[in-house]
Amino acid sequence: MDSSSLLPKSNAKWTERQRRLLTEIANDFTVSTEKLETLTQQFVHQMRLGLSTHDPQELAMIPTFVTGRPDGHERGSYLALDLGGTNLRVCLITLKGNHQLETHQKAYTVSDYLQQADVAELMDFIAASIKEFIYSEHISSKIVEHPSGSDTLELGFTFSFPVSQTAIDAGTLLRWTKGFDCPGAVGNDIVMLLQLALDRNDVNVHVAALINDTVGTALAHSYSHSNTFVGAIFGTGTNGAYLEDTRNIKTMTLDSNDMFINTEWGNFDKGKNCLPVTIFDNKLDRESINPSFQIFEKMISGMYLGEITRNVLLHLIDHRALFDGASSTQLNMHSAFEAKFMSVIEADDSESLNRTARVLERYLDIHLSTQTDREIVKLVCQLVGTRAARLSAMATAALIRQGLEAGSLRNQGYPLKTSLHSEESVDQNGNGDASRPPLHVAIDGSVFEHYPHFEERMYDALVEVLGKHAKDVVKLGIARDGSGVGAALAALIATKSVTNSR
Ligand code: ADP
Ligand code: MG
């Protein structure tokens with residue numbers, strides 16, 4: 001992509017200084033095709049390092065012990081639990097066996113008190129919430145059909161905190177995040193803590209699986225789209241999981257063929273060795289609560305996009321290239337510019353950029369903007385938003401590359417490029433193998449869902465890295481409620497493998 005294409009053609013109204021500054025910024029934020037290729041190669045390299053050692057790497061590459069994908073024929077009812085913030089969600093998922101399912105859910109508030117209370121107290125609250133859900137929704141094990149044949153309800157648990165997993169139903173909490181700090185949890189098995197609370201409170205539920213939301217997203221999508229290879233989150237944060245050939249997981253011996261790996265890709269290139277980090281990103285990183293961690297996440301995800309944009313706007317203001325050099329108290333505040341403002345501005349196709357003016361007035365207390373000011377604000381949003389989408393596509397492409405070169409997609413005739421100058425494997429008519437099912441990428445998150453052009457920009461970058469067939473072969477799709485449906489499917493997979501191995 002040529003960054004100058006975003007600059008106005010006849011920018012007669014722009015001053016020389018505006019043109020110079022904006023050209024510089026456009027160059028800084030532009031990720032060329034060559035750069036995308038270099039980043040993809042570096043990403044794949046980092047993935048392989050993470051798969052081959054227990055030492056902490058930039059990509060953690062955590063084995064999830066989820067060793068299969070649903071195909072949409074699974075049946076049965078499972079409970080799902082989702083804990084990741086102020087809400088605890090309890091769901092009953094009924095899988096109907098024909099790619100159809102029903103969900104039933106209730107949210108319970110986890111009070112500030114409970115977020116800091118002893119972990120036994122938190123788990124008692126969760127057990128009580130499940131009990132309440134079962135009674136109020138009249139759920140009995142009689143109506144529940146599941147392969148283990150027991151009369152216990154099986155439950156899958158999506159737990160969105162850093163966990164070191166040791167089995168599909170066991171994982172130790174590494175640390176609390178997001179305001180939680182319950183003593184007695186770190187270093188202990190989360191499944192065991194919950195199971196003890198369920199037993200203590202006479203709730204006849206068995207915790208069958210513990211999963212991460214990326215894996216949940218992939219599993220949920222698999223139920224309706226077979227051949228789902230990647231699960232990705234582009235929301236408050238970003239992360240991805242994919243199906244790996246277990247022979248590539250050098251840190252353990254496994255007897256299954258494939259396993260989902262949680263890459264924890266938000267931490268890619270922590271050392272800033274190859275990412276096109278700008279001074280605006282460095283400023284954001286320095287002022288963040290976790291400096292020098294999650295550098296990649298900070299260039300992509302909803303929590304940060306607005307702040308990068310704000311940093312650029314302030315730079316332009318300080319150089320008297322925007323708003324006649326005047327900021328506002330509001331715009332001077334950290335985090336005052338939100339990703340959803342960028343969505344409104346990027347969607348503003350009106351000649352005079354009215355909606356952009358309204359965002360500036362209403363949320364940023366900037367009442368006197370010229371047409372040129374508004375054009376510049378929109379251009380900055382486009383630059384920051386485009387870079388985010390292209391980097392998101394790069395990470396997705398890297399997971400697919402690893403699959404094509406060394407993993408479960410190898411030798412399958414996908415007409416995709418494995419390096420910048422390689423040829424796609426195509427037939428004599430120049431087509432890829434049409435009988436190949438598409439490779440589905442399951443995505444959850446407001447940034448992908450709501451940010452204008454995010455999806456189309458991702459596809460453009462996927463084509464640059466994986467070749468022209470990528471548009472037909474790779475299908476980006478929204479998978480809502482991965483944490484509910486995905487947890488239920490993980491519980492099913494876990495109980496099925498127990499049944500099989502008996
Ligand atoms: P979570 O990741 O916490 O599950 P979401 O997927 O809804 O939640 O993502 C929330 C993030 O998405 C927030 O950081 C917010 O700034 C951003 N966001 C919400 N709405 C929009 C929008 N319309 N356009 C762009 N970003 C948005
Ligand atoms: Mg979410």
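Order of listing sets the numbers, starting from 1, for every ligand and every atom in it. Starting from 1, each residue takes its place in the sequence as its number.
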Worksheet item: Under a 4.0 Å N-O cut-off, is there an ion pair linking E361 with R358?
Response: no
Item to complete: Check side chain to side chain contact (heavy atoms under 4.5 Å, CB included) between S111 and all other residues, then give those that pass, not counting sequence neighbours.
Response: Y113, L114
Worksheet item: Do the non-hydrogen side-chain atoms of F341 and E338 ever get within less than 4.5 Å of each other?
Response: yes
Distances for all N or O pairs of ligand 1 and the protein under 3.5 Å?
unit_1   : atom_1 : unit_2 : atom_2 : d
ligand 1 : 2 (O)  : T236   : N      : 2.9
ligand 1 : 2 (O)  : T236   : OG1    : 3.3
ligand 1 : 3 (O)  : T236   : OG1    : 2.7
ligand 1 : 6 (O)  : S446   : N      : 2.9
ligand 1 : 7 (O)  : S446   : OG     : 2.5
ligand 1 : 9 (O)  : T236   : N      : 3.2
ligand 1 : 14 (O) : G302   : O      : 3.3
ligand 1 : 14 (O) : M303   : N      : 3.3
ligand 1 : 16 (O) : G302   : O      : 3.4
ligand 1 : 24 (N) : S343   : OG     : 2.5

Worksheet item: Just by distance, with hydrogens left out, do D373 and T370 show a side-chain donor and acceptor under 3.5 Å apart?
Response: yes
Response to the item:
So the salt bridge (charged side-chain N to carboxylate O under 4.0 Å, His left out) pairs with at least one residue in residues 82-91 (sequence neighbours excluded) are D82-R89, R89-D481
Fill in: Sequence neighbours excluded, every pair satisfying salt bridge (charged side-chain N to carboxylate O under 4.0 Å, His left out) that has a member inside residues 267-276
K272-D285
